[in-house]
Amino acid sequence: WAWALQLFREMADSQVERDTITYNAAVSACENVEQWVWALQLFREMSLSRVERNTITDSAAVSACEKSKQWALALQLFRE
């Protein structure tokens with residue numbers, strides 16, 4: 001997951017456009033290792049970057065919260 005995030009950040013540094021698919025891959029990488037803080041940061045960054053979220057994005061972010069027992073945050077995501 002750390003390597004995936006590093007690569008994701010390097011995309012921005014290299015002015016490579018990050019889209020829904022690349023964000024989903026990064027959020028899912030964080031979700032798989034229960035890094036809910038990073039997953040949510042990326043999830044929220046998508047809106048700031050005007051990148052459209054989809055069900056994969058939402059599911060990965062909610063799952064990252066659920067796996068880390070962050071139930072309140074998972075519920076909050078449904079409201080966003």
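- Residue pairs that meet the side chain to side chain donor-acceptor pair (under 3.5 Å) test with at least one member in residues 59-69, sequence neighbours left out, are Glu31-Ser63, Glu31-Lys67.
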Show me, pair by pair, the donor-acceptor contacts under 3.5 angstrom made by side chains of residues 36-43, not counting sequence neighbours?
none

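- Evaluation of the side chain to side chain contact (heavy atoms under 4.5 Å, CB included) rule for Ala25 yields no partner, not counting sequence neighbours.
- Paired with Asn24 under the rule side-chain contact (heavy atoms from CB on, under 4.5 Å), one option of Thr57, Thr55, Asp19, Val51 passes, and it is Thr57.
- Taking Ala29 as the reference, Trp1, Ala4 meet the side chain to side chain contact (heavy atoms under 4.5 Å, CB included) condition, with sequence neighbours excluded.
- In this structure, Cys65 and Leu73 approach most closely via the heavy-atom pair SG-CB, 3.9 Å.
- Residue-environment remark: CH2 (Trp71) exceeds the threshold of 12 foreign heavy atoms within 6.0 Å.
- Here the closest heavy-atom approach between residue Met11 and residue Thr22 is recorded as CE-CG2, 3.7 Å.
- Taking the salt bridge (Lys or Arg N to Asp or Glu O under 4.0 Å) definition, one finds that Asp58 meets it with Arg53, sequence neighbours left out.
- Under the salt bridge (charged side-chain N to carboxylate O under 4.0 Å, His left out) criterion, the residue pairs touching residues 5-18 are Arg9-Glu45, Arg18-Glu45, with sequence neighbours excluded.
- A chain of hydrophobic side-chain contacts below 4.5 Å, direct or via other Ile, Leu, Val, Met, Phe, Trp or Tyr residues, connects Val33 to Tyr23.
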